[in-house]
2 protein chains.
Amino acid sequence: MSFMSSTDNSANGAQRLCDALLESGVDTCFANPGTSEMHFVGALDARPRMRCILGLAEGVVTGAADGYGRMADRPAATLLHLGPGLANGLSNLHNARRARTPLVNVVGEHATDHLALDPPLASDIDSLAAPMSNWVRRAVPGGDVGHDAAEAVAAARDTPGIATLVLPADVAWSPAPGGPLPAAAPPAADAPAGDRLAAAARAIAAGPGTLLLLGGRALRAAPALLAQRLAAATGAGVLAETFNARIERGTGRAPIAKLPYPVALSTEVLPRYERIVLIGAERPVAFFAYPGKPGLLYPEGCEIVPLVDPGSEALPALEALAERLALGDVPAAAPAPEPPPDDAPLTPDIAAGLVARHLPEDAVVVDESVTSGRAFFAESMAGPRHDYLQLTGGSIGIGLPLSAGAAVACPGRRVVTLQADGSAMYSLQALWTQARERLDVTTVIFSNRSYAILKGEMANVGLENYGDAAARMMSLDDPALDWCALARGHGVEAARAATAGQLGDLLRQSFRQGGPFLIEACLG
Amino acid sequence: MSFMSSTDNSANGAQRLCDALLESGVDTCFANPGTSEMHFVGALDARPRMRCILGLAEGVVTGAADGYGRMADRPAATLLHLGPGLANGLSNLHNARRARTPLVNVVGEHATDHLALDPPLASDIDSLAAPMSNWVRRAVPGGDVGHDAAEAVAAARDTPGIATLVLPADVAWSPAPGGPLPAAAPPAADAPAGDRLAAAARAIAAGPGTLLLLGGRALRAAPALLAQRLAAATGAGVLAETFNARIERGTGRAPIAKLPYPVALSTEVLPRYERIVLIGAERPVAFFAYPGKPGLLYPEGCEIVPLVDPGSEALPALEALAERLALGDVPAAAPAPEPPPDDAPLTPDIAAGLVARHLPEDAVVVDESVTSGRAFFAESMAGPRHDYLQLTGGSIGIGLPLSAGAAVACPGRRVVTLQADGSAMYSLQALWTQARERLDVTTVIFSNRSYAILKGEMANVGLENYGDAAARMMSLDDPALDWCALARGHGVEAARAATAGQLGDLLRQSFRQGGPFLIEACLG
């Protein structure tokens, strides 16, 4: 190390903060700074180990930090400008919180004395931060901002979740003598208590009436494989939650299906079971309430057996169970269907299937295709190994930033993004960051020119017939978005595909060349 | 009226809400709905008087509602989806709050029972709403959501400010029998108490040592003219605040300068005065704190004389003063300088001056040019009448949405937007709404490919010399944004200007044809 915060007594608060982040293992910062963050920006020049990546809107910054944290398994920092800058990043922080991603926000604040004057950019940052943060602290003049930073990293890593540190400008610019930082050791991952293990073992032994519901870290390769082998030995069922931060899947891994999103389907699946073992998963609840439909997706009387809490390591529990119970064989994944002819017009299923078919080895797949890409999941089950990242909190507009952050965390791996057009529009500025950082991201825009999911939701809430005024709130075709122009405007190469052959060619082309590429898949 | 909410007993909550908004004078709704807002969307079909305008990101929705409220002098509604949808709109709500714009947010929420299950999209909407709202209420099952809506409109109009009504889905879908709504009469605008008037009259009579600082509604044509004539009679100074919601200006109106933004300049201007009369303005404070620089921009000992509170009507106070004091002549505005030759390369000053020179009669000017467009204000002083709207809260990214909302409020008037490129990127999706609604907006992008203001702020905070890592956080030229491609991608016609002649030609072309047009002014 060319610096040592613990002995640098000439540092200001911003430098001390930056050093403490580095010492705590945070070396990537997604940023959209303003005046109150200039001292942090100034600190970067002397700290080349801190990679600072600019986003042109704060939803890009926080969504990218989520993608980074999911793939790196350690937090990135964000750098945000005052209350409004944080506010712009909150919706993707909401998704990150639901994904239990480790992430440290640094939010600049007015100098302490200045805040009392209520200048135009002042707002209640604490009230804004609380809903989307697991930990919030305000650095204070005379305190040790290095300590604050180290504790923020520990909170983000150990919860895991969102830690937000508010940094007043006078703390950033005032002298901040160094000192030792708290130890950075993560807590050990233990197996659950014996009674939890015993209850889960009994449930699994009961066979077909039991469902293992996997979420969080249980969907990494090793624990998921153990869970499926445990279930296979007794005939118990295995499912992943509907929305997952990261699933390690493909050849050699557990071919686990997801609990379907539509309430009509999920409430068909779950009544088959008399008990549900939760392994890193929450109990299954409906995404939305609909008039006359249930909120809990499992029948009354179904026993909930918690084994691993959401956010905790799952492997120790599954290894402990594997010592007590038999292991069966992993079922074979269903083979992919026949490929479509090259001149087949693109439908959502054909386009999603083609992405599965062309997936390169060890890709990171980001799926914010919403209604369009559902065929991908089944058709990629038997394909090459990949990580699969989803929208976890339901706040659409994370796909493009999440992909950028995943690519920063995983150099050398191709990121492939299945992206709905309506969702993409919330954070399309992420394309510029993909271009600036030369990130290996292939984005497939599923261009159906509508909020297609809302058309289904109108029926779900009981509004089967609606007129033009309502339809106009769900249609994006007047005018149509030109995704190739939008991509080029951000500096990203792009092309359009209308047939299966064209989409296949463009996918292959994008994987051969370095850097980002966008394909507008025009759906009929 | 083709409907009458007070007698419609078959309505659901969403319909009742919509009817109550209409009855309270709110007939424009900027929206980005989701599942929890589907009943509101469904209500639109039977209520053609409610104009509902889709934005593809929530910052567009709230920024447009701000522009509408500033020009219509009555609130538009927004329709936002749960906590994350509100969060995305908060930064422009912050600007609207600082502009004291009347605005009613309708924020959909999970059904009351469902919220208890903590579904993925749940968050603490009240905590998010509070910092950027003057009034927050949560509609409850069994309550009267029509009453809630009418009170929200009254709060937005009378404060004036931001009223946020949280609408649980079960309130929206449950029967909501009608009933009479609270009266919609706005409060009368009275002159201030006699002692305030007397103190202000004494201060104005004292002459050159007195500054009249105008803000809010004092910058409408009639009160501003009176203020300037009162000052002219005694030699008192007159200035507008640095950032203003709306100034009515141009030929026949008061040629009032603004308090300059840079602290170095504003602290040169204010020490000339021994007393400052606040007419709809706040006491002048620095936008940011800088090490060793003052937070209050006026010298210790300067007397602050409050006459009209921010947000209040200013005309009654000025009329009362005009009865007591003499009125002088309005000074002539400085004539515009000589036009540049057609082949002059565009500089910020040349481009801003050309916009002033070509301004059509009765335009609405939206200025988010930040560092680039400062020449516009002086050079348009003697030009045609226009309204001039600024960024009030310092949260950059409002220009394009504000323009869309102003155009909706002012059919038949051309909106001309002076727009910095870095700021534009936060809410460029507003271009699509401009295209969909065929709004007469001419956007001039001041393309300097940087966060130019931050380069100045580095010096202000004492960081005169910085290296590549810091510079990279303030530069947007790798890759360069192609604004013509970005505009066309959103369905807006666009062209590029590099010389004075090209910019003049494109401005004239855009004014002749209907609908939106974007000019990328490439600054050397």
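Note on naming: letters A, B, ... go to the chains in the order of the sequence lines (proteins, then strands), and numbering restarts at 1 for each one.
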Colleague: Let me know if B:Arg98 has heavy atoms under 4.5 Å from chain A in its side chain, its backbone, both or neither.
Modeller: side chain
Colleague: Between B:Leu117, B:Asp126, B:Leu90, which shows the greatest number of heavy-atom pairs under 4.5 Å with chain A?
Modeller: B:Leu117
Colleague: Can you tell which part of B:His490 gets under 4.5 Å to a heavy atom of chain A, answering side chain, backbone, both or neither?
Modeller: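 Both parts, backbone and side chain.
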Colleague: Which region of A:His81, side chain (C-beta onward) or backbone (N, CA, C, O), has a non-hydrogen atom less than 4.5 Å from a non-hydrogen atom of chain B, or is it both or neither?
Modeller: side chain
Colleague: Quick check against the 3.5 Å criterion: does B:Ser475 have a side-chain atom that pairs as donor or acceptor with the backbone of B:Ala471?
Modeller: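 Such a contact is absent between B:Ser475 side chain and B:Ala471 backbone.
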Colleague: Answer yes or no: is there a donor N or O on one side and an acceptor on the other, between the side chain of A:Gln434 and the main chain of A:Val492, under 3.5 Å?
Modeller: no
Colleague: Please classify the contact between B:Ala31 and chain A as side chain, backbone, both or neither, with a heavy-atom cut-off of under 4.5 Å.
Modeller: side chain
Colleague: Do B:Thr433 side-chain atoms and B:Leu54 backbone N/O form a donor-acceptor pair below 3.5 Å?
Modeller: yes
Colleague: Heavy-atom distance under 4.5 Å to chain A: side chain of B:Leu121, backbone, both or neither?
Modeller: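 B:Leu121 touches chain A through backbone and side-chain heavy atoms alike.
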Colleague: Given that the side chain runs from C-beta out, which part of A:Ala487 has a heavy atom under 4.5 Å from chain B: side chain, backbone, both or neither?
Modeller: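 Neither the backbone nor the side chain of A:Ala487 comes within 4.5 Å of chain B.
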Colleague: Side chains of A:Ile396 and A:Tyr426, heavy atoms from C-beta outward: is any pair under 4.5 Å?
Modeller: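 A:Ile396 vs A:Tyr426: side chains touch.
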Colleague: For the interface with chain A, which of B:Ala289, B:Gly85, B:Ala129 has the highest count of heavy-atom pairs at distances below 4.5 Å?
Modeller: B:Ala289
Colleague: Quick one: of B:Arg488, B:Glu58, B:Met50, B:Arg51, who has the most non-hydrogen atom pairs under 4.5 Å with chain A?
Modeller: B:Glu58
Colleague: Who among A:Ala169, A:Ser36, A:Ser395 has the most heavy-atom pairs with chain B under 4.5 Å?
Modeller: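 Highest number of pairs under 4.5 Å: A:Ser395.
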Colleague: Under 4.5 Å from any heavy atom of chain A, what part of B:Ile453 do you find: side chain, backbone, both or neither?
Modeller: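 The answer is neither part of B:Ile453.
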Colleague: Looking at B:Arg449 and B:Asp478, is there a salt bridge between them, counting it only when a charged N and a carboxylate O are closer than 4.0 Å?
Modeller: no
Colleague: May I ask you to name which of B:Gly456, B:Gly491, B:Gly394, B:Ser174 has the most heavy-atom pairs under 4.5 Å with chain A?
Modeller: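 Top count of heavy-atom pairs under 4.5 Å with chain A: B:Gly394.
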Colleague: Under a 4.5 Å heavy-atom cut-off, does chain A meet the side chain of B:Arg283, its backbone, both or neither?
Modeller: side chain
Colleague: Given the options B:Leu44, B:Asp124, B:Leu481, which has more heavy-atom pairs under 4.5 Å with chain A than any of the others?
Modeller: B:Leu481
Colleague: Tell me whether B:Asp45 contacts the main-chain N or O of A:Ala469 through its side chain, where contact means a donor paired with an acceptor under 3.5 Å.
Modeller: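 Between the backbone of A:Ala469 and the side chain of B:Asp45 there is a qualifying donor-acceptor contact (under 3.5 Å).
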Colleague: How many angstroms lie between atom OG1 of A:Thr35 and atom NE2 of A:His39, to the nearest 0.5 angstrom?
Modeller: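 Reported to 0.5 Å precision, the distance equals 11.5 Å.
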Colleague: Please state whether the side chain, the backbone, both or neither of A:Thr242 comes within less than 4.5 Å of a heavy atom of chain B.
Modeller: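 No part of it gets close to chain B.
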Colleague: Heavy-atom pairs under 4.5 Å with chain B: which of A:Tyr290, A:Tyr451, A:Trp173 has the most?
Modeller: A:Trp173
Colleague: Would you say A:Asp477's side chain and A:Ala480's backbone share a donor-acceptor pair under 3.5 angstrom?
Modeller: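 No, the answer is negative, given that no donor and acceptor are paired below the 3.5 Å cut-off.
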Colleague: Examine whether an atom of A:Leu476 lies under 4.5 Å from a heavy atom of chain B, and if so say whether it belongs to the side chain, the backbone or both; otherwise answer neither.
Modeller: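 Backbone plus side chain of A:Leu476, per the 4.5 Å heavy-atom cut-off to chain B.
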Colleague: Please classify the contact between A:Leu296 and chain B as side chain, backbone, both or neither, with a heavy-atom cut-off of under 4.5 Å.
Modeller: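 Both parts, heavy atoms under 4.5 Å.
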Colleague: Check each atom of B:Ala43 against the heavy atoms of chain A and say whether the ones under 4.5 Å are side chain, backbone, both or neither.
Modeller: neither
Colleague: Can you say whether B:Phe243 sits under 4.5 Å from chain A via the side chain, the backbone, both, or neither, judging by heavy atoms?
Modeller: neither
Colleague: Which bit of B:Asn32 is near chain A, if near means a heavy-atom gap under 4.5 Å: side chain, backbone, both or neither?
Modeller: side chain
Colleague: Okay, side chain of B:Arg97, backbone of B:Pro131: is any donor-acceptor separation there less than 3.5 Å?
Modeller: yes
Colleague: Relative to chain A, which segment of B:Asp468 carries a heavy atom at a distance below 4.5 Å: side chain, backbone, both, or neither?
Modeller: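 Only the backbone of B:Asp468 comes within 4.5 Å of chain A.
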Colleague: Go through the atoms of A:Ala122 and report whether side chain, backbone, both or neither lie under 4.5 Å from a heavy atom of chain B.
Modeller: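 Contact with chain B is through both the backbone and side chain of A:Ala122.
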Colleague: I'd like to know if the side chain of B:Gln390 and the backbone of B:Asn244 have a donor-acceptor N/O pair within less than 3.5 Å.
Modeller: yes
Colleague: What do the steps show when you test A:Glu493 against A:Arg438 for salt bridge (charged side-chain N to carboxylate O under 4.0 Å, His left out), and what is the final call?
Modeller: CA-CA 11 Å; A:Glu493 192 179 342; A:Arg438 279 78 175 164; over 6 Å; no
Colleague: I would like to know whether A:His114 and B:Phe288 meet ring pair (Phe, Tyr, Trp, His ring centres under 6.0 Å); could you show each step before the answer?
Modeller: CA-CA 7 Å; A:His114 200 61; B:Phe288 290 108; 7.8 Å; no
Colleague: Need one label for B:Trp432: side chain, backbone, both or neither, based on atoms under 4.5 Å from any heavy atom in chain A.
Modeller: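 Both backbone and side chain.
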Colleague: With a 4.5 angstrom heavy-atom cut-off, which part of A:Val461 approaches chain B: side chain, backbone, both or neither?
Modeller: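 Contact with chain B: backbone and side chain both.
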Colleague: So, does B:Asn95 use its side chain to make a donor-acceptor pair with the main chain of B:Gly393 at under 3.5 Å?
Modeller: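 Yes, the answer is positive, given that a donor and an acceptor are paired below the 3.5 Å cut-off.
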Colleague: Is it the case that the side chain of A:Glu282 and the backbone of A:Gly215 share a donor-acceptor pair, with hydrogens and angles ignored and the cut-off at 3.5 Å?
Modeller: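 Judged by distance alone, no pair lies under 3.5 Å.
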Colleague: Minimum heavy-atom separation for B:Ser423 to B:Val370, with atom names?
Modeller: OG-CG2, 3.5 Å
Colleague: Please flag which part of B:Met132 lies under 4.5 Å from any non-hydrogen atom of chain A: side chain, backbone, both or neither.
Modeller: side chain
Colleague: Is the backbone of B:Met425 close enough, under 3.5 Å, to the side chain of A:Gln429 for a donor and an acceptor to pair up by distance?
Modeller: yes
Colleague: Counting only heavy atoms closer than 4.5 Å, note whether A:Leu463 contacts chain B via side chain, backbone, both or neither.
Modeller: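 The side chain, not the backbone.
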Colleague: Below 4.5 Å, heavy-atom pairs only: which of B:Asn88, B:Leu93, B:Asp113 has the largest tally toward chain A?
Modeller: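 Between B:Asn88, B:Leu93, B:Asp113, the count favours B:Asn88.
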